Amino acid sequence: MTTTTSLLVPRRPGPLWLLAEVTYRCPLHCAFCYNPVDFAQAGPELATEDWLKVIREAREMGAAQFGISGGEPLLRDDIEILVDEARKLGFYTNLITSGVGLTEGRLAALKEAGLDHIQLSFQDATREANDLITNTRTFELKRKVAAMTKAAGYPTVINCVLHRTNIDHLDRIIEMAVEIGAEYLELANTQYHGWAFLNREALMPTAAQLAEAEAVTERWKAKLGKKMRILFVTPDYQSKKPKKCMNGWGEVFLSVTPDGLALPCHTARMLPGLEFPDVREHTLDWIWHESPLFNRFRGTAWLPETCQSCEDKEKDHGGCRCQAFMLTGNADATDPVCPKSPDHALIDAALAKAEQAATVKPLVFRDPKNSRALDRAF
Amino acid sequence: MSTVGARPAINRLFRFQWEPAQQAHVLLYPEGMVKLNQSAGEILKRCDGERSVQEIVADLEAAFNASGLTADVEAFLKMADEQNWIEWSPTAPTRPSVAAPQGGAGLPWDGPAEDLP
Ligand code: SF4
Ligand code: SF4
């Protein structure tokens, strides 16, 4: 340390991950989608130039991961341009897609642009395909896309969201992933945000379903070993473990919505009383370091009393802000999934409800019509 | 079994590069990054699927004016293999079995890597 630098306040590191949610448009209508329920009311999508500015600024701040998702990102015709720029700047580039719209031509262009990785999501609980097993069209599409990406030299990495109406088919889902030749399969239990929160009752599995799914996964894991790696992500509600959401608010992750708002996590847009900085009006540097939004829940100083006195506060920062808000109406509350939360009874009530099979509500599918009619954030 | 003829390469799931913001070599993979220490960086830099383990060792010994690095390099490559960071070039006769780490001289071992969130 020298005195000449003492005037410079050491700055926190910049973000490591930039997630570009390039569009809310999507050919699918997944009832578990985490996008905001009122996505149809979002402003116009960013122009290519705006995205390029975001990519350059993030890389300058040290970000190394560039993810493109949506909606279905392939509905935009400029993602090749974004990948190309990101790759040139040294980003690891990852496309998160349903595979719908991935033609040979586009794949070749993306490969040429330097795309590093493709994550293919298995859909289910869509209007067209309520049942993955009976919907051969979906399966055939995945098979085709997986073969295509494999031929282009990409490993096949599949993400499948699990919920009440598909979890009993897990054995068949894993078998299909094997048939497709996947190297990685992520089995992500639904996290209840956006449309998934709206559909929570219809999507939440029973404890028995979940236990069976874990057993099935273990059997396959033992059988497949390194050939196909399976990651089973336990749901917050059942694990009762608050997660350090996005590795901490404003610590490593920065996401940008289709209409240009910078967020510390994909779903923060639903939180009330916050101003979401627009990437066209501010630099990412200002947004990351100075904006009230990114400082709002940074660190642990803001934590409520329940968490302040808890030894785990550095580990989980009090859990997910969006979950706290959706469940309690207070974004500053301890995440109710934590057994120490004064609101934890809300979680037990939701779990108890899941056991009463008879009263399950019908799914509300994610589409612009429903979005406008519902006119709510979650 | 000897490992010296095998040719390690960076696994295609990872990208190896110098990261200015970290002042370190890193391995990038979907949604993650491993920050490597100097020795790990120097070894992986040479894992190009062309050089054999023997050649990598010779190269490092020359570059760092050291000797007897075989055990260190092999131990690191064993760990890197377990982590899936590397794969073995198909031209290699067999997948090597590598002896357990036995210490060794020369490279600044400070633990191979630090996992970033
Ligand atoms: S979850 Fe389904 S509806 Fe939502 S963006 Fe992904 S593919 Fe589209
Ligand atoms: S009380 Fe707060 S800090 Fe402690 S475990 Fe629960 S959420 Fe985490």
Side-chain angles (χ1 to χ4, degrees), chain A residues 11-19 58-69 86-96 111 114-120 149-150 152-159 183-184 186 188 225-227 229 231 243-248 251-253 315 317, chain B residues 3 6-38 40-42 44-45 47-50 77-92 94-98 112-117:
Chain A
R11 293 190 105 188
R12 67 175 55 257
L16 277 176
W17 295 15
L18 172 66
L19 179 71
R59 183 63 185 148
E60 226 163 83
M61 294 175 75
Q65 291 284 342
F66 178 58
I68 306 185
S69 76
R87 186 63 177 77
K88 267 198 204 112
L89 295 174
F91 269 112
Y92 188 90
T93 52
N94 188 1
L95 174 68
I96 300 154
K111 174 101 186 163
L115 181 68
D116 290 290
H117 187 77
I118 299 171
Q119 182 189 305
L120 196 59
T149 54
K150 207 178 261 295
Y154 291 103
T156 304
V157 177
I158 291 173
N159 176 289
E183 273 95 350
Y184 286 84
E186 180 174 326
K226 256 186 151 184
K227 196 173 143 231
R229 302 257 286 265
L231 182 67
K243 287 198 181 103
K244 188 177 182 184
C245 198
M246 308 326 291
N247 255 296
E251 306 243 327
V252 292
F253 183 86
K315 220 168 69 193
H317 288 202
Chain B
T3 70
R7 293 173 172 77
I10 307 285
N11 184 332
R12 68 193 168 125
L13 258 184
F14 292 87
R15 196 165 82 227
F16 173 76
Q17 71 184 25
W18 175 257
E19 196 57 20
Q22 307 292 333
Q23 281 300 299
H25 280 104
V26 299
L27 283 167
L28 293 166
Y29 60 96
E31 300 181 358
M33 173 161 93
V34 183
K35 185 174 165 182
L36 300 158
N37 73 13
Q38 200 205 339
E42 290 298 335
L44 286 179
K45 202 157 93 183
C47 293
D48 52 10
E50 312 248 306
L77 290 176
K78 178 173 192 278
M79 191 276 298
D81 187 40
E82 280 161 10
Q83 301 283 333
N84 261 334
W85 293 346
I86 52 170
E87 50 199 12
W88 298 91
S89 155
T91 56
T94 49
R95 198 180 172 86
S97 80
V98 181
E114 174 191 338
D115 243 317
L116 292 178

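Given the structure is predicted, the values throughout are model-derived calculations rather than measurements. Naming: A, B, ... by sequence-line order, numbering from 1 per chain.
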message: For A:F253, which atoms come within 4.5 Å of any heavy atom of chain B: side chain, backbone, both, or neither?
response: neither
message: If you define the side chain from C-beta out and look only at heavy atoms, does anything of B:Q22 sit under 4.5 Å from A:L16?
response: yes
task: Taking all heavy atoms of B:R12 and all of A:G153, pick out the closest pair and write down the distance.
output: NH1-O, 3.1 Å
- request: Check for a donor-acceptor pair, side chain of B:Q17 on one end and backbone N or O of A:G90 on the other, with a separation under 3.5 Å.
  value: yes
- line: Okay, A:Q119 and chain B: the region with an atom under 4.5 Å from a heavy atom over there is side chain
query: For A:E183 and B:L13, what are the C-alpha separation, side-chain angles and deciding distance, and is it a side-chain contact (heavy atoms from CB on, under 4.5 Å)?
result: CA-CA 10 Å; A:E183 273 95 350; B:L13 258 184; over 6 Å; no
- request: Taking all non-hydrogen atoms of both residues into account, name the closest pair between A:Y92 and B:Y29 and its distance.
  value: CE2-C, 3.6 Å
- request: Using non-hydrogen atoms and a 4.5 Å limit, figure out which bit of A:F66 sits close to chain B: side chain, backbone, both or neither.
  value: neither
- prompt: Side chain of A:Q65, backbone of B:P30: donor and acceptor closer than 3.5 Å?
  reply: no
query: Closest approach of A:G62 and B:E19, non-hydrogen atoms and distance?
result: O-OE2, 4.0 Å
task: Heavy-atom distances under 4.5 Å only: say whether B:R15 touches chain A with side chain, backbone, both or neither.
output: both
